[in-house]
Amino acid sequence: MSSLAPLQHLLGPRFVDEQERCRRYAIPERGAPGHTPAVLLPQDEAELAALLQAAQAARSPLVVSAGRTGLVEAQRPEGEAVLSLEKLKRILSIDAGARTAMVEAGVAVDALNAELEPLGLVWPMEMGSTSSASVGACIANGSAGANAICYGTAAHLADAVWGLWADGSAAPETAGPRWQQPDPQQLVIDSAAPDPALGLIGTQGVLGLITRARLRLQALPAQREAALIPAASMPEAMQILAAARNAFGTDIEEFEFIGQRAMQLVRELKGAEFRLPFEKDPQANFYLLLQIKSADPDEDLAGRLYGFLAETLALPDALIGYAPLKALKAIRHSITEASNHAMKQRGGGRLAFDTATPIARFGDYLAALEASLKRDYPHIDFVAFGHAGVGGAHLHLLGSGERPVAAESAALIARVFDVTAEFGGTFSAEHGVGSKWGEEFARRARPSVVQALVAAKRLRDPNLILNPRSFGLDRLVLEC
């Protein structure tokens, strides 16, 4: 009897094995398509518990699928059945006075915020994938996004979570950590250091599954203003961040950076539609998206921002990139699409990284990394952008038809991660480890972190059924 037969018997029509319907669950946001014999769609927590118990008994491995927007191959099945919590998508209650919401794990971020907006509330996850990214997956991953400088990660936005360990037993209620402005010398985001003491929060679905969460909501700002700021270097950009903190404090909602090459790719993609909010393109090495907020509808927030740009930074009007927030966000959220387009045109593939360093070292880090790559790999197209406010960088290395990145991927990965480590950084900031970086986790994570995760995996998932390849646990459990 197939190891999936007990699961099929348990789920009935919610056990999907028609390959046409299964195919979309096997295709990740990036990377090669996977393959799966079946998709499992439990309809509630009780059915999920029974399903996990049956999978343990049958030793049937499962890959968890949420919005399938992950970039580290954690949701790509390689013969495992796919488990999706998409049917657990109810908003259970909203307490506007306490600024909390109780939701099931499968609720999409945008769907939740559509319900919160009329109440003047928001769950402030700012990502390009919020139309499909689920609340439970964001918390399990500790996702950051552009607003992390103000509100913290999804882990900080979780007041409490409930769920199931991989053996089907109930996990206790666990509170997410409270956000506080970080020490500039410390890493703010590091998904390569999961803490089993937080249970299902931040452990990326290898110990169990979040089924419900009580969320910490924020008041929708009465006003938001933003501007694009040119900078000659990333060390200069981080000096601008320090000045902005002095001027606006906790009213900074975003501080993003866009490298010159990233901006150029967006320009090439958009063509005649592209507009920079300057009288004349400053041809800066970096562009900084500063977004501020106010709870006071009568405050002259635009004037306050202009004063910072014109007086504190001493920018002439021609270099003040003031524009409607929607227009600036459209530039920021077009970078990945533009990189995809360039990759196809160049025909040499791409290596994508999600790194972070302490804020105090971030500017010097990016400068050193870019110099190192240009010196030894001048043929590589280096694209950089990300969350400067929390020390996070998204890095794309594009090859060409003559020099594809696949031919030297090992050396390029080692160079990026070695330089990141030299500056006290992490090779996996907010996207998770998945199976993509399993070997790097074993090689680069602190031994105490590896040992703690392996011990927790053995305890909570005795037959290694849940996301077994993430973090390289299928190997580490046997080796450690």
Side-chain angles (χ1 to χ4, degrees), residues 126 146-147 149-150 220-335 337-338 359 362-364 366-367 370 383-390 393-394:
E126 171 72 34
N147 282 344
I149 185 176
C150 185
L220 268 174
Q223 298 185 68
R224 285 178 165 129
E225 297 288 343
L228 208 60
I229 305 169
S233 67
M234 277 310 296
E236 177 185 308
M238 301 312 285
Q239 292 173 1
I240 293 173
L241 173 59
R245 284 196 184 279
N246 288 334
F248 304 111
T250 57
D251 286 337
I252 300 174
E253 272 199 306
E254 296 187 16
F255 191 81
E256 299 282 282
F257 82 94
I258 303 171
Q260 184 183 62
R261 182 55 177 152
M263 188 68 81
Q264 183 181 353
L265 292 183
V266 174
R267 184 197 303 272
E268 292 172 0
L269 176 71
K270 298 298 183 181
E273 298 177 14
F274 182 81
R275 293 289 185 277
L276 273 177
F278 301 99
E279 292 179 14
K280 182 180 179 181
D281 186 348
Q283 295 292 317
N285 290 325
F286 294 92
Y287 298 84
L288 313 173
L289 198 167
L290 171 64
Q291 176 181 318
I292 60 174
K293 65 182 176 70
S294 176
D296 182 357
D298 298 319
E299 179 183 4
D300 182 11
L301 190 63
R304 188 180 171 197
L305 177 58
Y306 179 82
F308 171 73
L309 299 172
E311 297 168 15
T312 304
L313 299 186
L315 291 174
D317 282 353
L319 294 183
I320 293 178
Y322 182 76
L325 181 57
K326 184 176 180 180
L328 297 181
K329 290 293 184 69
I331 294 174
R332 169 63 181 85
H333 290 307
S334 296
I335 297 172
E337 180 187 2
I359 296 167
F362 185 66
D364 292 335
L366 272 184
E370 183 172 11
V383 182
F385 60 102
H387 316 312
V390 289
H394 302 311

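No hydrogens, no waters, no symmetry mates; every other heavy atom, side chains included, goes into these values. Residue numbers start at 1 and run along the sequence shown.
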Partners meeting side chain to side chain donor-acceptor pair (under 3.5 Å) with K293 (sequence neighbours left out): none
Just distance, no hydrogens or angles: give the donor-acceptor pairs under 3.5 Å from side chains in residues 305-318, sequence neighbours left out.
{"unit_1": "Y306", "atom_1": "OH", "unit_2": "D317", "atom_2": "OD1", "d": "2.6"}

Residue list, side chain to side chain donor-acceptor pair (under 3.5 Å) with R275, at least two apart or on another chain: none
Contact summary for I258 and F385, nearest pair of heavy atoms: CA-CB, 4.2 Å
Shortest non-hydrogen separation from A367 to P235 and the atoms involved: CB-CD, 4.4 Å
Test ring pair (Phe, Tyr, Trp, His ring centres under 6.0 Å) applied to H387 - qualifying residues, sequence neighbours left out: H394
Smallest separation among heavy atoms of A393 and L366, with atom names: CB-CD2, 4.2 Å
Partner set under side chain to side chain contact (heavy atoms under 4.5 Å, CB included) for P277, not counting sequence neighbours: L228, A323, L328
CD on E253 to OG1 on T250, rounded to 0.5 Å: 10.5 Å
Value rounded to 0.5 Å, distance of CD1 in I229 from CG in L319: 11.0 Å
For E254, side chain to side chain donor-acceptor pair (under 3.5 Å) partners two or more places apart: K329
Residue list, side chain to side chain contact (heavy atoms under 4.5 Å, CB included) with A302, at least two apart or on another chain: E225, D300, Y322
Pairs meeting criterion side chain to side chain donor-acceptor pair (under 3.5 Å) with involvement of residues 231-248, two or more places apart: Q181-R245
Of all pairs that satisfy ring-ring contact (aromatic ring centres under 6.0 Å, His included), the ones with a partner from residues 252-275, not counting sequence neighbours: F257-F362
D251 side chain near R304 side chain, heavy-atom distance below 4.5 Å: yes
Shortest non-hydrogen contact between L325 and A226, atoms and distance: CD1-CB, 3.5 Å
Partners meeting side chain to side chain donor-acceptor pair (under 3.5 Å) with S334 (sequence neighbours left out): none
Y287: ring pair (Phe, Tyr, Trp, His ring centres under 6.0 Å) partners, not counting sequence neighbours: none
Distance-minimising heavy-atom pair for P230 and I240: O-CD1, 4.4 Å
Exercise: identify the closest heavy-atom pair between R332 and L289: CB-CD1, 4.1 Å
Can you list, pair by pair, the side-chain donor-acceptor contacts under 3.5 Å of residues 262-270, counting residues two or more places apart and other chains?
{"unit_1": "Q264", "atom_1": "OE1", "unit_2": "R261", "atom_2": "NH1", "d": "3.3"}
{"unit_1": "Q264", "atom_1": "NE2", "unit_2": "E268", "atom_2": "OE2", "d": "3.3"}
{"unit_1": "R267", "atom_1": "NH2", "unit_2": "D281", "atom_2": "OD2", "d": "2.3"}

